[in-house]
Amino acid sequence: MQNLTDFPANATSNRNLSVIVKVCVVIPFFCVFLCCIAVMLHIFASHRQFLETSRYILFAYMLVNDALQVTTSVLLFLLVMARVEFAIVYCIPLLFVSTATFQNTPLILATMSLERYVAIFYPLRRPATWRSDRIWIIILSLWSVSCVFPIIDFNIGERDPAVDVLSTPLLCKTVVVNPSPIQMLFKAAVSVLFFAVVAIVILFTYVRILLETRKLRQDTASVSKAMYTVLLHGFQLLLCMLAFTHPITENLTVLNANWQPEDVAFFNYFCFVLIPRFLSPLIYGFRDQSLRGHIQKSFFCCTKEVKPLS
């Protein structure tokens with residue numbers, strides 16, 4: 001007869017194996033992502049012409065935002081996987097940066113689409129705010145909007161009176177720090193509002209540029225390129241929106257498959273949080289001719305510096 005005490009040991013062993021596999025998947029992926037981001041930011045810092053164009057400044061801002069978002073989310077992922085518990089006062093800054101940068105992504109996409117719209121329809125009388133020396137005003141505005149909602153998010157609802165903010169150790173997860181139903185409802189409402197507004201902006205700019213492409217007979221190449229760029233923003237927005245389907249996908253998968261809830265949560269995190277951030281610099285960077293040339297030179301220089309020993 002099988003000893004019943006074997007089951008907890010087997011369950012623990014299976015969980016440890018699952019954690020190791022997940023970490024081994026995320027860490028190399030994260031390192032490659034940071035390498036690509038570092039190369040592109042180095043290119044921006046080394047070539048002044050990129051810092052004199054609003055489109056490239058916004059792209060560099062998106063790279064920094066995505067790097068912060070992925071870094072904090074991966075750090076939170078590793079802490080949860082390792083079951084590391086600490087006080088809420090140390091957890092809140094990580095959750096704040098992760099939430100603010102996540103919500104900032106759709107705002108950046110909408111801003112980049114509007115920048116293409118302004119460049120096409122107002123090439124000679126572009127508003128001052130959209131010039132490269134004033135674009136920082138828009139960037140600060142995006143950061144302000146992105147930071148206001150996490151502040152409200154973490155201050156609404158009722159917390160457990162038994163939990164001391166300075167000393168009680170907890171897993172650093174939003175549902176653990178603030179499990180209030182009001183907080184969950186507020187977060188869902190804000191997410192729907194953010195992505196609905198951005199979807200309308202992207203759809204509007206895409207349709208207007210598409211109609212302009214049919215009218216113009218000259219310089220249709222630049223207009224068509226702008227149109228495909230806006231379409232790319234819409235595709236990336238769709239990938240980001242899939243991250244909010246995790247409650248539905250987790251429930252359906254758990255009911256109809258043998259997957260564990262934590263495995264489904266990891267699948268959603270990897271596919272709908274990490275993958276869109278990883279695709280963004282690759283698609284935008286290699287799609288742009290100027291950036292593509294500098295990226296190729298950077299990687300070729302790195303490979304030439306590492307020579308095999310004779």
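Basis for what follows: all heavy atoms, side chains included, without hydrogens, waters or symmetry-related copies.
- The shortest side-chain heavy-atom distance between V201 and Y117 does not fall under the 4.5 Å cut-off.
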Please tabulate, for the side chains in residues 84-100, all donor-acceptor contacts under 3.5 angstrom to protein atoms that are two or more places apart in sequence or on a different chain.
residue, atom, partner, partner atom, Å
T99, OG1, L95, O, 2.8

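- The side-chain contact (heavy atoms from CB on, under 4.5 Å) search around V32 returns C36, F278, not counting sequence neighbours.
- The line from CZ of F44 to CD of Q49 is 10.0 Å long, rounded to the nearest 0.5 Å.
- Residues L58 and Y122 fall within the same hydrophobic cluster, defined by Ile, Leu, Val, Met, Phe, Trp and Tyr side chains chained together at heavy-atom separations under 4.5 Å.
- Of the inter-residue distances, the one linking M62 atom CE with I37 atom CD1 reads 8.0 Å to the nearest 0.5 angstrom.
- I200 belongs to no multi-residue hydrophobic cluster, having no ILVMFWY side-chain contact under 4.5 Å with any other such residue.
- Ring pair F59/F50: centre-to-centre distance not below 6.0 Å.
- By the salt bridge (charged side-chain N to carboxylate O under 4.0 Å, His left out) test, R208 pairs with no residue at all, sequence neighbours left out.
- A salt bridge (Lys or Arg N to Asp or Glu O under 4.0 Å) check over residues 88-115, counting only residues at least two apart or in different chains, returns the pairs E115-R126.
- For H42, the side-chain contact (heavy atoms from CB on, under 4.5 Å) partners two or more places apart in sequence, or in a different chain, are S46.
- The salt bridge (Lys or Arg N to Asp or Glu O under 4.0 Å) pairs that include a residue from residues 26-45 number zero, where partners must be two or more places apart or lie in different chains.
- Among residues at least two apart or in separate chains, salt bridge (Lys or Arg N to Asp or Glu O under 4.0 Å) pairs with a member in residues 128-144 are R131-D133.
- Among residues at least two apart or in separate chains, side chain to side chain donor-acceptor pair (under 3.5 Å) pairs with a member in residues 59-73 are Y61-N104, Y61-W143, N65-N104, N65-T105, S73-Y269.
- A pairwise comparison of heavy atoms in T53 and S132 identifies N-CB, 4.0 Å as the closest pair.
- For R83, the salt bridge (charged side-chain N to carboxylate O under 4.0 Å, His left out) test picks out no residue, with sequence neighbours left out.
- Taking the side chain as every heavy atom from C-beta outward, K22 and F270 never approach each other to under 4.5 Å.
- Scanning for side-chain contact (heavy atoms from CB on, under 4.5 Å) contacts around I27 gives V23, C31, L78, with sequence neighbours left out.
- Alongside L171, the hydrophobic cluster contains no other residue (criterion: ILVMFWY side chains under 4.5 Å).
- For the pair I120 and T205, the minimum side-chain heavy-atom distance is 4.5 Å or more.
- I151 and C147 make their closest contact through CG1-O, 3.2 Å (heavy atoms, listed as atom of the first residue, atom of the second, distance).
- Rounding to the nearest 0.5 Å gives a distance of 9.0 Å between OG of S141 and CH2 of W136.
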